[in-house]
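Input: a single structure, listed below in structure tokens.
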Amino acid sequence: MSKSMVIRYTVRPETAEENQRLVRNVFQELADSKPDGLHYMTFQLADGVSFVHVVSTDGDANPLGQTAAFAEFQRGIPDRCVAAPIAADATIVGSYGFGDL
């Protein structure tokens, strides 16, 4: 059974570029390691400081937790954020064209 989650947060303007770099590092590691059962996407909103992560796994295990780049991303998130990230469980109602971009 798949599990999905949406995480939203806002970073301080002076840390937006660093946050973007750290997120890209996560995606680079995922591209290299190709973990099974993970569907993950991150959006940077038009304001430049808000980010939304959407993650879905094909089971209870989340391969993101096994990556060094994600650990590095999480380590500094409290210092980069204006307020703590808000995470919510989600149910996929539909999807179209969100394969590998």
Side-chain angles (χ1 to χ4, degrees):
M1 180 171 202
S2 69
K3 290 183 75 169
S4 299
M5 182 171 282
V6 177
I7 303 96
R8 182 179 176 143
Y9 59 93
T10 301
V11 298
R12 294 177 295 143
E14 64 272 18
T15 65
E17 199 170 297
E18 175 190 9
N19 194 73
Q20 188 181 72
R21 177 185 60 78
L22 290 165
V23 168
R24 285 190 174 140
N25 289 348
V26 171
F27 282 97
Q28 183 60 58
E29 185 172 340
L30 293 174
D32 293 344
S33 64
K34 297 177 179 36
D36 290 329
L38 176 66
H39 313 279
Y40 185 47
M41 185 175 288
T42 301
F43 297 90
Q44 183 176 17
L45 302 186
D47 65 8
V49 294
S50 297
F51 290 81
V52 177
H53 297 243
V54 179
V55 61
S56 183
T57 59
D58 293 340
D60 290 331
N62 186 342
L64 273 177
Q66 308 300 316
T67 65
F70 189 71
E72 180 184 349
F73 165 78
Q74 284 192 311
R75 185 174 19 259
I77 198 79
D79 297 328
R80 293 190 308 275
C81 285
V82 172
I86 298 170
D89 290 333
T91 301
I92 297 173
V93 176
S95 175
Y96 178 81
F98 275 104
D100 293 335
L101 300 176

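Side-chain atoms of Glu29 do not come within 3.5 Å of backbone N or O of Thr67 as any donor-acceptor pair. With hydrogens and angles ignored, the 3.5 Å screen pairs no side-chain donor or acceptor of Arg8 with any backbone N or O of Ala88.
Nearest heavy-atom pair across Phe51 and Thr42 is CD2-CG2, 4.4 Å. For Pro85 against Ile7, the heavy-atom pair with the smallest separation is CB-CG2, 3.9 Å. Nearest heavy-atom pair across Ala90 and Val6 is CB-CG2, 3.9 Å. Residue Leu30 comes nearest to Tyr40 through the heavy atom pair CD1-CD2, 3.7 Å, listed as atom of the first residue, atom of the second, then distance.
Sparse packing is recorded around CZ of Arg24, with 12 or fewer heavy atoms of other residues, nucleotides or ligands lying under 6.0 Å away.
Side-chain atoms of Lys3 and Asp60, non-hydrogen and from C-beta on, do get closer than 4.5 Å to each other. Between Pro63 and Asp36 the shortest side-chain heavy-atom distance does not fall below 4.5 Å. Contact annotation: the side chain of Met5 never approaches that of Thr57 to less than 4.5 Å [non-hydrogen atoms, C-beta and beyond].
Between Ser2 atom OG and His39 atom NE2 the span is 7.5 Å, to the nearest 0.5 Å. Atom CD in Glu18 sits 8.5 Å away from atom CZ in Arg12 (nearest 0.5 Å).
The only option from Thr10, Thr15, Asn19 that meets the side chain to side chain donor-acceptor pair (under 3.5 Å) definition with Arg80 turns out to be Asn19.
Under the 4.5 Å side-chain heavy-atom criterion for grouping Ile, Leu, Val, Met, Phe, Trp and Tyr, Phe27 is not connected to Leu45 through any hydrophobic cluster. Under the 4.5 Å side-chain heavy-atom criterion for Ile, Leu, Val, Met, Phe, Trp and Tyr, Leu38 and Val23 are members of the same hydrophobic cluster.
Aromatic ring pairs are classed by plane angle as parallel below 30°, tilted from 30° to 60° and perpendicular above 60°; the pair Phe73 and His53 is tilted.
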